[in-house]
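See structure below.
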Amino acid sequence: MKAFYKNNNGLIAVQEWFPNCWINIECPTEAEKTYLLDELQIPEAFYNDIEDIDERPRIEIENGWYLIIMRIPVKSNDVKLPFHTIPVGIVFKGEVCVTLSFHKTEMLTDFVTYTQKKGIDIKDNFDLVLRLLLSSSVWYLKYLKQVNQKIRLAEDNLEKSIKNEELQALLQIEKCLVFFMTSLKGNDILLHRIKNIKSQRVNFDFDLLEDVEIELRQAQETTNIYSDILTGTMDAYASVISNNMNNIMKQMTSISIILMIPTVIASFYGMNVPNTLQNNPFGLLIVLFFSIVLSALGVFLFKRKRWF
């Protein structure tokens, strides 16, 4: 889907391209690919790099074209991975500025709405990049709140019963946090490289740069905190499972020992050798009585020692 936006106290949608407007393309079709490569003359290598789902955040310059790739968070329909990150490319040169994503995202639509509400005018292409980085950090924090809710839900389920499903849910959340952590580190490196572009230093809005750094750092720290909490939770439940297994093994061992008492007695009196009870009409009852008494005594002693 292709959309054009112009600056007018916020980003306003227009029907066609004109110099210095912003072109946003999500999930490009073949016609839109032709438009980018043939009409706008964007380097094909840039297009292919953005298409790679595993592309890392970076900045690259080729024949006057700037390519800036950042990673933004998205909500997934995959229950095994509720959140992950995707690359978004900003390609610009002169009067042309394009953002390209091969996945549908909530962030870019929300970004346009936010600029309209706040009446934000975007000065230049680097100002757009910084504001998109700021918006992505805010969305990381938004999704991290949802991740925290999922952690609490999984913990509540684990307190009721420890099942493989609850542990797998924690593993899925941990995977999401790993994606977030890696992407945020990449965006942080990207921000520092943008700040170090000598030709643009005088044009940067330093208040905006500070806001981006603060939000990015907060998103990183929050991700690290949740990751540490999740790791501690999983370690704690692993210990609980281990302790439960040890208790079960103790109980099984105790039961085996108690059942062994009548077996030993029956074995002695079942041998084909003379004993004092072979002619006694109550011999079987006497053996059963002593077996039951000794077994009950064994149960009493085990309970007293709290082995059950």
Side-chain angles (χ1 to χ4, degrees), residues 1-28 32 35-36 39-42 46 50 57 59 64-75 86-143 145 184 187-188 190-191 193-195 197 199-219:
M1 184 183 70
K2 179 170 58 178
F4 304 99
Y5 298 95
K6 69 174 182 178
N7 266 316
N8 186 11
N9 289 325
L11 293 167
I12 307 299
V14 293
Q15 295 300 316
E16 58 184 12
W17 180 83
F18 62 89
N20 296 317
C21 79
W22 171 36
I23 307 169
N24 180 40
I25 298 179
E26 293 181 330
C27 305
E32 289 167 346
Y35 172 76
L36 290 171
E39 293 189 36
L40 298 182
Q41 298 294 312
I42 288 175
F46 287 2
I50 300 169
I59 181 170
W65 285 96
Y66 281 86
L67 168 65
I68 296 176
I69 296 178
M70 67 180 69
R71 294 193 70 89
I72 67 171
V74 293
K75 186 179 290 186
I86 62 168
V88 171
I90 304 99
V91 185
F92 55 88
K93 176 185 178 182
E95 298 175 338
V96 177
C97 179
V98 180
T99 54
L100 178 61
S101 170
F102 285 82
H103 300 79
K104 186 69 177 175
T105 67
E106 296 179 77
M107 191 200 89
L108 294 174
T109 305
D110 178 76
F111 174 71
V112 173
T113 305
Y114 177 78
T115 61
Q116 294 171 358
K117 288 181 180 179
K118 297 296 183 179
I120 297 173
D121 276 329
I122 297 174
K123 298 187 301 182
D124 54 33
N125 296 328
F126 280 100
D127 192 59
L128 174 64
V129 171
L130 291 176
R131 293 188 183 279
L132 287 174
L133 273 172
L134 177 61
S135 180
S136 71
S137 299
V138 172
W139 274 85
Y140 274 111
L141 290 169
K142 178 180 178 179
Y143 284 142
K145 290 180 181 178
L184 284 166
N187 285 353
D188 187 40
L190 172 65
L191 175 62
R193 289 180 178 173
I194 292 173
K195 286 173 58 179
I197 299 176
S199 61
Q200 298 295 326
R201 283 182 184 174
V202 295
N203 300 323
F204 288 144
D205 183 341
F206 290 100
D207 290 335
L208 176 59
L209 270 175
E210 185 179 5
D211 290 342
V212 176
E213 288 180 331
I214 291 171
E215 292 296 329
L216 194 54
R217 192 178 304 115
Q218 183 178 350

Check whether any side-chain heavy atom of Trp139 sits under 4.5 Å from a side-chain heavy atom of Val74, and report yes or no. no
Which side-chain hydrogen bond (donor to acceptor under 3.5 Å, both in side chains) pairs, counting each pair once, include a residue from residues 3-22, with sequence neighbours left out? Trp22-Thr99
Show your reasoning for whether side chain to side chain contact (heavy atoms under 4.5 Å, CB included) applies to Val98 and Val96. CA-CA 7 Å; Val98 180; Val96 177; 4.0 Å; yes
By ring-ring contact (aromatic ring centres under 6.0 Å, His included) - contacts of Tyr114 (at least two apart): none
From the options Val88, Ile69, Leu36, Ile23, select the one residue that forms a side chain to side chain contact (heavy atoms under 4.5 Å, CB included) with Leu100. Leu36
Close side-chain approach of Ile90 and Asn125, heavy atoms under 4.5 Å: no
How long is the gap from CG on Asn24 to CG on Leu11, to the nearest 0.5 Å? 10.0 Å
I want to check something: taking the side chain as every heavy atom from C-beta on, are Leu209 and Leu191 in contact at a cut-off of under 4.5 Å? yes
The criterion is side-chain contact (heavy atoms from CB on, under 4.5 Å); which residues satisfy it with Val91, sequence neighbours excluded? Ile42, Phe46, Ile50, Trp65, Leu67
Do Leu128 and Cys97 touch side chain to side chain, with heavy atoms closer than 4.5 Å? yes
Please identify each residue that fulfils salt bridge (charged side-chain N to carboxylate O under 4.0 Å, His left out) with Glu26, with sequence neighbours left out. Lys104
Those residues at least two apart in sequence (or on a different chain) that pass ring-ring contact (aromatic ring centres under 6.0 Å, His included) with Phe92 are Tyr66, Phe126
Residues forming a side-chain hydrogen bond (donor to acceptor under 3.5 Å, both in side chains) with Tyr35, sequence neighbours excluded: none
